[in-house]
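This is a predicted model, so every value here is computed, not measured.
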Amino acid sequence: MTQGPCGVFVYGTLMPGERNAHVAALGGSFRAQRAVLRGFALYHLSPEAYPALVPGPPEAQVRGQLLSYTPEAWREALPFLDDLEGLHDAPPLYTRQLVTLHLEGGGEAPAWVYVYARTGRLGQPGAVAVPGGDWRAVPHRDRPAPGER
């Protein structure tokens, strides 16, 4: 079990209303709150149709939501989240890192975030920086290639 906060910053397919939102709910209920992660950049991958979050310049920011769980629901949800994000793939698709979020309305909160691990992919065709760091602004984001996450 991972020690730390019982919450995750989601910025793509796991956000409420997106195609993998049901995975976030497999562990139980959570509270969603809009948040910004600073110092990271966001890319849209095509044909995969999912985002890749990577460390970026200090002024970069990514918009998403903090999903806060009870400790029990977090223990249940974490394996589903890790599986979707390919945390245990060889090589891993994403890694999980502890970050500090800036919450809408003020304040900060610690959370886990999934950081894209296959950075070589970002130099290939179909990897496009997302201006403003808001994946919901990407057209055709809901069209994954067959067999993709």
Side-chain angles (χ1 to χ4, degrees), residues 1-27 30 32-69 74-104 107-149:
M1 181 67 212
T2 299
Q3 298 296 316
C6 296
V8 62
F9 178 68
V10 295
Y11 50 84
T13 69
L14 284 165
M15 287 192 290
E18 296 296 329
R19 70 175 181 264
N20 286 322
H22 67 282
V23 175
L26 290 174
F30 56 81
Q33 184 175 6
R34 290 184 181 164
V36 171
L37 176 60
R38 295 182 181 150
F40 284 81
L42 193 63
Y43 289 81
H44 175 68
L45 303 179
S46 180
E48 298 94 325
Y50 58 75
L53 179 136
V54 294
E59 68 276 7
Q61 62 181 17
V62 175
R63 299 183 181 285
Q65 296 194 20
L66 168 61
L67 306 184
S68 300
Y69 295 82
W74 179 243
R75 280 191 297 276
E76 294 292 323
L78 188 58
F80 295 112
L81 296 168
D82 283 353
D83 185 53
L84 177 72
E85 301 294 0
L87 194 75
H88 303 296
D89 291 359
L93 186 58
Y94 289 83
T95 61
R96 187 172 4 95
Q97 295 181 15
L98 188 59
V99 294
T100 299
L101 302 175
H102 299 271
L103 303 174
E104 183 178 84
E108 296 181 342
W112 296 103
V113 68
Y114 290 95
V115 177
Y116 192 64
R118 298 179 187 172
T119 55
R121 168 68 178 93
L122 301 180
Q124 298 173 357
V128 179
V130 177
D134 187 350
W135 190 68
R136 287 185 167 174
V138 173
H140 311 297
R141 70 183 185 281
D142 58 346
R143 298 188 182 139
E148 292 293 340
R149 300 171 194 264

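Here the shortest heavy-atom pairing between Tyr114 and Val8 reads CE1-CG2, 3.8 Å. Minimum interatomic distance between Thr13 and Ala49 (heavy atoms only, all atoms of both residues): CG2-O, 4.3 Å. Counting all heavy atoms, side chain and backbone alike, Ala77 lies closest to Ala24 at CB-O, 4.3 Å. Of all the heavy atoms in Pro92 and Ala117, the pair that sits closest is O-CB, 3.5 Å. Of all the heavy atoms in Trp112 and Gln3, the pair that sits closest is CZ2-O, 2.9 Å. Looking at every heavy atom in both residues, Pro16 comes nearest to Ala32 through CG-CB, 4.1 Å.
In this structure, the side-chain contact (heavy atoms from CB on, under 4.5 Å) partners of Val54, at least two apart in sequence or on a different chain, are Ala41, Tyr43, Tyr116, Thr119, Leu122. With sequence neighbours excluded, the residues that form a ring-ring contact (aromatic ring centres under 6.0 Å, His included) with Tyr69 are Phe30, Trp74. In this structure, the side-chain contact (heavy atoms from CB on, under 4.5 Å) partners of Val130, at least two apart in sequence or on a different chain, are Leu42, His44, Val138. Every residue meeting the side-chain contact (heavy atoms from CB on, under 4.5 Å) condition with Gln33, not counting sequence neighbours, appears here in chain and number order: Arg31, Leu103. With sequence neighbours left out, Arg38 forms a salt bridge (charged side-chain N to carboxylate O under 4.0 Å, His left out) with no residue at all.
For the atom pair OH of Tyr50 and CD of Glu18, the computed distance is 15.5 Å after rounding to the nearest 0.5 Å. Here CG of Leu14 is found 6.0 Å from CG of Leu81. Values are rounded to the nearest 0.5 Å. One distance of note links OH of Tyr11 with CZ of Arg136; it measures 14.0 Å at 0.5 Å rounding.
Leu93 places a side-chain heavy atom less than 4.5 Å from the side chain of Arg118. Looking at Phe40 and Val99, their side chains come closer than 4.5 Å, going by heavy atoms from C-beta outward. Between Val128 and Ser46, every side-chain heavy-atom pair lies at or beyond the 4.5 Å cut-off.
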Kindly determine whether Tyr94 and Asp82 satisfy side chain to side chain donor-acceptor pair (under 3.5 Å), including the steps that lead there.
CA-CA 9 Å; Tyr94 289 83; Asp82 283 353; over 6 Å; no
Going through the distances and angles, do Gln97 and Leu53 end up as a side chain to side chain contact (heavy atoms under 4.5 Å, CB included)?
CA-CA 11 Å; Gln97 295 181 15; Leu53 179 136; over 6 Å; no
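Side-chain atoms of Arg75 do not come within 3.5 Å of backbone N or O of Pro79 as any donor-acceptor pair.
Salt bridge absent: Glu85 and Arg96 never bring a charged side-chain N and a carboxylate O closer than 4.0 Å.
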Show the atom names and distances, to 0.1 Å, of all donor-acceptor pairs under 3.5 Å that link a side chain in residues 61-68 to residues at least two apart or in another chain.
none

